[in-house]
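Here is the structure we will look at.
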Amino acid sequence: MPSQDDARSDSRRPRVLVVDDLPSNRRMLARTLSTLDVEILEAGSGAEALDLVIREDHLFVILLDVRMPEMDGYALAETLRQLPKAATLPIIFVSAHDSDTYHHHRAYETGAVDFLSKPVSPRILLSKVKVFLDLYQQRSELEDLVTRLDSVNHVLSRQTMRLETNAEVIHQVASILDVDRLLYEIVLLIRERFGYGYLGVWTLRHGPEGDRIVLHAGQYGTDTPILEPGAVLDLAAPLSIISHVCRTGAAYLCNDTHGDPHYLSTEGLEAIRSELTLPLRFGNTVIGALDIQSEAQDAFAAEDVATFTTLADQIAVAIRNARLYAEVTHLNDDLEAMVEERTRELAHAYRNLELLDRNKTDFITVVSHELRTPLTLIHGYSQMLAMDPMISENQLRNQEVQGIVTGAERLSAIINAMLDIVRIDSATLRLDVRTASLAYLLEIAVARLGPVLQERSLAVVTDGLDTLPEITADPDALDKVFLELLSNAMKYTPDGGRLTVSGHLIEADGKDDAPYVEVVVQDTGIGIAPESLDLIFAKFYSTSDITLHSTGKTKFKGGGPGLGLTVARGIVEAHGGRIWAESPGHDEIALPGSAFHVILPVEPSRSAAPRPSLPDRLPGSASEGEQRSG
Ligand code: ADP
């Protein structure tokens, strides 16, 4: 019993057809050919031969007797030539009597390839048949090769198409940010390239009504769409390959929908026989599915799964990009709205501040002017009282009246400082500029404070003042500055401490720079915390609690209104100079001390601005000052 393989190889074996009305002749020929690996078919008549040629395949030669009843060999050969299947089939005539030239011609006219005379030599017959067998086998091999090449070609062209589609999708993902348009384009591309009429990108939506899967792009059905964008599936649906894939996150291939445990038959889509569904994922999170359906059974090959998995990954990236973009745009809009809101609030606050500042300046101006007149009266009358013998001769009364005089003088100084600040703020401080000797001004100031310095056992050391050149400045204004710095040095240095007043010239450096002088007032007092170094120059700023002030212009830690340094800075800057403080920190036990630096131009610049920028090389120029206080 031949195996199935044998049967298949038998059915493919080359066949030779022997046509002769005499069975003995047929047998003789068959015996001769039996050494070849061929199948021998026999026909006893032309009709029988025709029937066999029509029915059987793999014939490679016909051995045809010339003389036969009803249909002779020539008639059969002519009929065979009319059949497309046998038009080129080689025919060898075998004849006992008709081996003359006429018969040879006749035979060749009917399309014979050879003519053998009986008795046939087995060797000759075998070698002739073998030639045709070889030809047949070579042709078969060639045909096989062509078939194989065709299929390789087919695989290659599908592979090329897949790669091209992937590349196009990647390009679109990179260039289209509108997710709806992008998915529409991708779906269109897959439909055009692969010809699937049932294709959709589904996305998961979490909402109050539960988790649903919505058809985002694509459609099902070519002529009449059955499902279109907006169609909804329940994530929990027990039947539905799309829901199943969204739940499991794994691709699902169904090449025969009949009997598939997950396939859900939809009305109008009964013809669907294959479905391939791939999850769309960000990392481990499933956000939807790419679903392709076909009316053909076994529509998807293993390569299709790989191709569409890559496409699904690209689609997921596209959706994520689009969502991120939307999020960023949204955030940006929110931020812009917030910035606009804050800008409006700031502008409003700034207007309010400006108003408040103007009100404060107006208030200070009014109060100072209004206080001045009665204060002048108090000062004048109290001085007159002090001179009255009834008072001057009574020690207690004299002390009381002197208290009124000192108080009035202090009040007057404060009012003057307030007025100076108003002038500085409004840039109306007028300098009476002339030649001034800083050495002289500083010596006078120290001398004026002499009695208090003595009383508080504070030593004063001067250094380099005699090397200072005369400068062009307002000496009265600078007197206020130095008196303020010296008073502060005394106030914030405990009894027994030391004040150092030094000065030096900063030579001009380069063609555009003017020379400057620097004066430093240094003490061995309580020092200043780094965060206060700049703040102490602000209006009404005091490092100590204002309610605990002990009043006194020279007493240790005697409080003041916090105006002195503001006025000093206004005056120095009006001269085109700069003032700043340096100190290792505030410590009332260790007494690290402070140093106040004043830099003034030897000649004020022609366009003296209230806030000049000093050359970078000078200490105290804006950048350096910021570093120090930073
Ligand atoms: P006040 O009238 O309060 O002295 P100032 O404007 O003169 O106002 O000084 C402001 C603040 O700067 C003072 O309250 C003090 O805390 C600080 N200060 C000024 N000079 C010194 C100094 N030499 N040593 C320590 N602190 C000082």
Side-chain angles (χ1 to χ4, degrees), residues 364 368 406-407 409-425 429 442 445-446 449 452-453 456 458-461 477-502 519-574 578-598 620 625 628-629:
I364 295 174
S368 324
T406 318
E409 278 169 358
R410 284 213 58 202
L411 209 51
S412 169
I414 292 170
I415 290 169
N416 283 341
M418 279 161 59
L419 283 171
D420 277 343
I421 282 175
V422 172
R423 288 187 198 108
I424 290 162
D425 279 355
L429 182 70
L442 287 161
V446 171
L449 294 170
V452 194
L453 289 166
R456 302 250 340 262
L458 292 167
V460 179
V461 181
L478 290 185
D479 183 52
K480 269 190 204 168
V481 173
F482 296 134
L483 202 60
E484 176 62 26
L485 296 185
L486 287 166
S487 309
N488 278 349
M490 280 165 51
K491 266 202 300 189
Y492 299 104
T493 305
D495 294 2
R498 192 180 66 245
L499 277 52
T500 309
V501 184
S502 57
V519 173
V520 184
V521 177
Q522 199 165 2
D523 59 51
T524 55
I526 59 176
I528 303 163
E531 65 275 12
S532 299
L533 283 172
D534 273 346
L535 291 173
I536 54 174
F537 291 94
K539 251 179 270 181
F540 298 110
Y541 181 83
S542 171
T543 51
S544 55
D545 183 348
I546 202 152
T547 56
L548 303 176
H549 275 176
S550 67
T551 46
K553 238 186 127 40
T554 48
K555 272 167 76 183
F556 178 51
K557 294 208 285 175
L563 293 175
L565 288 178
T566 319
V567 172
R569 187 185 60 184
I571 292 172
V572 171
E573 289 184 351
R578 198 148 194 97
I579 180 170
W580 74 96
E582 289 178 10
S583 171
H586 176 94
D587 190 330
E588 299 197 8
I589 310 291
L591 302 172
S594 317
F596 283 77
H597 295 248
V598 176
R628 231 191 322 271
S629 60

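Indexing begins at 1, ligand by ligand and atom by atom, following the structure's order.
- For ligand 1 and Glu484, the ligand atoms under 4.0 Å from any heavy atom of the residue are 5 (P), 7 (O).
- Not a single N or O atom of Thr566, backbone or side chain, sits closer than 3.5 Å to an N or O atom of ligand 1.
- Of the heavy atoms in His586, none comes closer than 4.0 Å to ligand 1.
- Judged by distance alone, the side chain of Asp523 and the main-chain N or O of Gly593 form no donor-acceptor pair under 3.5 Å.
- Heavy-atom separations between Ser594 and ligand 1 include at least one value shorter than 4.0 Å.
- Taking distance alone, with nitrogen or oxygen atoms compared against 3.5 Å, Ile526 stays at or beyond that limit from ligand 1.
- Once rounded to the nearest 0.5 Å, the distance linking CD1 of Ile424 with CD1 of Ile571 reads 5.5 Å.
- Contacts of Thr493 with ligand 1, taken as heavy-atom pairs under 4.0 Å, are absent altogether.
- Listed by number with element, the atoms of ligand 1 under 4.0 Å from a non-hydrogen atom of Lys491 are 1 (P), 2 (O), 4 (O).
- Between Gly527 and ligand 1 there is a heavy-atom distance shorter than 4.0 Å.
- Looking at Leu565 against ligand 1, both its backbone and its side chain come within 4.0 Å, counting heavy atoms.
- Counting heavy atoms under 4.0 Å from ligand 1, residue Phe537 does not touch it at all.
- Note that NE2 of His586 and CD1 of Ile526 are 4.5 Å apart. Values are rounded to the nearest 0.5 Å.
- Here CD1 of Ile528 is found 13.5 Å from CG of Asp587. Values are rounded to the nearest 0.5 Å.
- Under the side chain to side chain contact (heavy atoms under 4.5 Å, CB included) criterion, Ser412 pairs with Leu375, Asn416, sequence neighbours left out.
- Here Leu449 contributes atom CG and Met490 contributes atom CE; the two are 5.0 Å apart, rounded to the nearest 0.5 Å.
- Val567 has its side chain out of reach of Glu484: every pair of non-hydrogen atoms, C-beta onward, lies at least 4.5 Å apart.
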